Amino acid sequence: MAEFKKVKRSENYSAWYNNLVEQADLAQHSAVKGCMVIKPYGYAIWEKMQAELDRRFKETGHQNAYFPLFVPKSLFEAEEKNAEGFAKECAIVTHYRLKTDPDRPGKLMVDPEAKLEEELIVRPTSEAIIWNTYRDWIQSYRDLPILINQWANVVRWEMRTRLFLRTAEFLWQEGHTAHATKEEALAETKQMLEVYADFAENIMAVPVVKGVKTENERFAGADETFCIEGLMQDGKALQMGTSHFLGQNFAKAFDVKFVSKENVKDYVWATSWGVSTRLMGALIMSHSDDEGLVLPPKLAPIQVVIVPITGKKEDEKALVLDKAREYFTALKAKGILVKLDDRDNMSPGYKFADYELKGVPLRIAIGPRDVAAGNVELARRDTKTKEIISAENLPETISNLLEEIQNSIYNKALEYRNSHIHTVNNWDEFMDAIENKTGFVSAHWDGTGETEEKIKDLSKATIRCVPLNNLQEDGVCVLTGKPSTQRVLFAKAY
RNA sequence: CGGGGUGUAGCGUAGCCUGGUAUCGCGCCACAUUUGGGAUGUGGAGGUCGUAGGUUCGAAUCCUGCCACCCCGACCA
């Protein structure tokens with residue numbers, strides 16, 4: 001096991017992040033540009049996220065299905081705005097065969113004879129292939145709604161990538177629903193936004209702002225994009241999930257119509273919504289520290305680790321190990337994800353540091369002294385505190401503490417987020433907040449894309465969202481001084 | 001994709017300027033002693049020096065192309 005190379009969060013945030021991802025065994029760079037290998041420990045966390053999300057999707061009536069990786073170019077270009085939005089980051093399959101290279105023995109070349117009649121686009125998102133399919137599925141209002149989700153990989157050929165936050169290939173889920181009415185589709189869009197927000201806050205312990213994107217930031221092909229925005233520990237915002245109201249755009253592009261109860265033909269209303277492995281990045285950046293990862297108990301692959309500290313005497317050693325196994329069994333029976341690390345070639349100190357690096361929420365150390373006294377030493381990862389407690393009712397104690405840690409991590413992140421929302425009323429205050437205070441800046445904006453662009457050029461900050469249920473108040477735009485009816489949230493973002 | 005930097009064992013590095021087949025630490029394997037915050041000793045294994053060419057009797061070292069990563073921009077979930 002590698003020694004943790006210390007990189008301080010305060011000194012170089014992005015080096016700290018990269019180092020942490022690699023040292024904690026979450027992921028590593030691969031031989032493919034911009035693509036990562038997600039390692040077992042990292043994937044275990046992703047699987048827990050998937051399980052929680054999948055359960056919520058099913059509870060809200062969705063079913064999983066799977067659509068192809070490839071989208072024929074003619075389908076891809078059907079919805080023009082969507083196609084245009086993604087065009088410059090697409091991987092394209094043009095051939096279907098290799099052959100041996102006559103000039104370079106043992107090497108392969110693309111067989112020019114094997115050119116595809118029509119290029120295939122590796123999906124950057126699946127609206128096109130899915131809506132082309134939905135046309136076959138929908139005839140009457142009785143076929144609606146269609147509530148489908150798929151777990152998939154997509155490819156967006158990014159110029160600059162970062163582990164989990166932006167990779168050329170990433171894993172995600174994309175929900176694609178079809179509805180008979182605009183109201184129903186809008187309700188679905190908002191429902192899924194709530195599902196995401198609930199997941200982010202209660203499972204990931206990351207507070208989020210729910211809001212609406214401006215036209216500039218909207219998903220290509222959507223009439224309205226809702227989002228959840230998180231704030232990372234370096235004061236930059238991260239878009240953690242989006243839910244799009246697609247109107248009838250895709251129905252029109254793919255000619256998907258239905259006959260209503262009144263025997264009237266109309267285009268179908270659509271939504272799509274997704275979250276990706278980027279959430280792993282959000283999780284890491286929201287809670288972790290210089291010692292390594294800090295995981296909320298609800299996503300920790302290991303919630304409690306038991307480290308036996310065996311003495312030199314054989315009989316003592318046996319006693320300690322027996323006790324450790326007893327606690328292990330009791331905790332496991334309670335449904336707690338517990339690991340007993342009885343490797344005898346590692347010192348306790350090494351194990352302590354290693355589980356801290358991996359973000360295991362609780363650590364139980366047990367040695368001869370504790371066995372004799374009926375105690376254990378209990379250490380919390382999030383607060384780095386430890387105490388000797390009685391081992392009586394241990395499963396109960398641990399179970400309660402895990403819950404407390406989950407809340408405590410959330411509250412800490414919430415406090416950080418709330419203390420980093422700065423309300424400003426003029427341009428000097430705006431720039432000062434963006435440059436020096438970091439975080440979200442709540443400011444009046446005149447509502448034009450032009451001003452939004454200008455502010456982005458001047459400050460590198462973008463409008464993250466117009467918060468839902470936003471307070472309506474008269475004010476003037478921080479840049480142009482034109483009238484405004486509400487504040488929006490600006491931030492530098494990932 | 002533009003500017004700057006880096007690439008030597010699983011990880012971190014020395015050597016490069018001034019060419020002669022590579023240094024040290026951690027980790028790994030064996031044995032022994034250890035175990036309450038990253039153990040110690042002894043012995044051992046591990047290297048196409050990112051990659052492809054070029055210069056040279058000889059290249060980690062000099063030259064060129066390419067690749068990957070990091071930092072700063074532009075683009076984005």
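All values reported here derive from a predicted model rather than from experimental measurement. Just so it is clear: chains get the letters A, B, ... in the order the sequence lines come, proteins before strands, and each one is counted from 1.
- Within the model, atoms CZ of Phe67(A) and CD of Glu174(A) stand 9.0 Å from one another, a figure rounded to the nearest 0.5 Å.
- In this model, the phosphate group of C76(B) is not approached by any side-chain N or O of Arg162(A) to a distance below 4.0 Å at OP1 or OP2.
- At a threshold of 4.0 Å, the pair Asp315(A)-Lys313(A) does not count as salt-bridged, since none of the basic side-chain nitrogens sits closer than that to a carboxylate oxygen.
- When rounded to the nearest whole Å, the span between CZ of Arg363(A) and C1' of G36(B) equals 10 Å.
- With a cut-off of 3.5 Å on both pairing distances, the Watson-Crick or G-U wobble partner of G41(B) is C31(B).
- Checking C62(B) for Watson-Crick or G-U wobble geometry (two distances, each under 3.5 Å) identifies G54(B) as its partner.
- Taking atom P in both G2(B) and G15(B), the straight-line distance is 31 Å, to the nearest Å.
- For the pair Ser347(A) and Arg166(A), both in contact range of RNA chain B, the more 5′-proximal nearest nucleotide belongs to Ser347(A).
- Comparing the C1' positions of U33(B) and C16(B) gives an interatomic distance of 43 Å, to the nearest angstrom.
- Atom OH in Tyr350(A) sits roughly 14 Å away from atom C1' in G37(B) (whole-Å rounding).
- Of the nucleotides present, G12(B) is the one that pairs with C24(B) by Watson-Crick or G-U wobble criteria, both distances under 3.5 Å.
- Among the protein residues, Gly85(A) comes within range of no part of the nucleic acid, since none of its heavy atoms lies under 4.0 Å from any strand.
- Salt-bridge check for Glu291(A) with Arg381(A): failed, with every basic side-chain N at 4.0 Å or more from each acidic carboxylate O.
- Taking atom C1' on both C67(B) and A74(B), the two are 23 Å apart, rounded to the nearest angstrom.
- Using a 4.0 Å heavy-atom criterion, one finds that Thr242(A) contacts no nucleic acid atom at all.
- Within the 4.0 angstrom heavy-atom criterion, no nucleotide atom of any strand lies near Lys351(A).
- Residue contacts for Glu356(A): at a heavy-atom cut-off of 4.0 Å it reaches a base atom on one of the strands shown.
- Residue-to-nucleotide contacts include a donor-acceptor pair under 3.5 Å from the side chain of Asp370(A) to the base of G36(B).
- In this structure, Arg56(A) forms no cation-pi arrangement with Phe199(A), as its terminal cationic atom is not both closer than 6.0 Å to the ring centre and no more than 45° off the ring axis.
- Annotation: side chain of Asp342(A) is in contact with side chain of Leu321(A) (closest heavy-atom distance under 4.5 Å).
- In this structure, the CG atom of Asp457(A) is 8 Å from the P atom of C75(B), given to the nearest Å.
- Computed from coordinates, the Ile309(A) CD1 to U35(B) P distance equals 11 Å when rounded to whole Å.
- Comparing U35(B), C76(B), G36(B) by their closest approach to the side chain of Lys456(A) singles out C76(B).
- The side chain of Lys460(A) contributes an N or O atom lying less than 4.0 Å from OP1 or OP2 of G73(B).
- Side-chain N/O atoms of Glu377(A) and base N/O atoms of G37(B) include no donor-acceptor pair closer than 3.5 Å.
- Out of C75(B), C70(B), U35(B), the shortest distance to the side chain of Lys88(A) is found at C75(B).
- Separation of the P atoms belonging to U61(B) and U48(B) is 15 Å when rounded to the nearest angstrom.
- For His29(A), taking side-chain heavy atoms from C-beta onward, the closest of the listed nucleotides G37(B), C70(B), G38(B) is C70(B).
- With C76(B), G73(B), G36(B) as the choices, the nucleotide that has an atom nearest any side-chain atom of Ala365(A) turns out to be G36(B).
- Base pairing annotation: C69(B) forms a Watson-Crick or G-U wobble pair with G5(B), both donor-acceptor distances under 3.5 Å.
- Counting to the nearest Å, the P atom of G36(B) and the CG atom of Asn375(A) are 18 Å from each other.
- Within the 4.0 angstrom heavy-atom criterion, no nucleotide atom of any strand lies near Phe219(A).
- Note on Pro308(A): nothing from the nucleic acid sits closer than 4.0 angstrom, heavy atoms only.
- Between the CG atom of Leu165(A) and the P atom of C75(B) there is a distance of 18 Å, rounded to whole Å.
- The CD atom of Glu217(A) sits 10 Å away from the C1' atom of C76(B) (whole-angstrom rounding).
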- Mind running side chain to side chain contact (heavy atoms under 4.5 Å, CB included) on Phe226(A) and Trp273(A) for me, showing each step along the way? CA-CA 9 Å; Phe226(A) 295 85; Trp273(A) 28 274; over 6 Å; no

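- Taking atom C1' on both G36(B) and C26(B), the two are 24 Å apart, rounded to the nearest angstrom.
- Nucleotides G54(B) and C49(B) are separated by 16 Å at their P atoms, to the nearest Å.
- Backbone-only contact: Gln239(A) has heavy atoms under 4.0 Å from sugar-phosphate atoms and none from a base.
- Atom-to-atom, CG of Asp354(A) to P of C11(B) comes out at 17 Å; the value is rounded to the nearest Å.
- Residue-level contact check: Thr462(A) touches neither bases nor backbone, having no heavy atom under 4.0 Å from any strand.
- G3(B) and G65(B) are spaced 13 Å apart, taking the P atom of each and rounding to whole Å.
- Lys210(A) pairs in a salt bridge (charged side-chain N to carboxylate O under 4.0 Å, His left out) with only one of the listed residues (Glu201(A), Glu194(A), Glu229(A)), which is Glu194(A).
- G37(B) and G20(B): their C1' atoms are spaced 48 Å apart (whole Å).
- With its glycosidic angle more than 90° from 0, U8(B) adopts the anti conformation.
- Here the two rings, on Phe219(A) and Phe86(A), have centers that are under 6.0 Å apart.
- Within the nucleic acid shown, Leu238(A) has no heavy atom closer than 4.0 Å to any nucleic acid atom.
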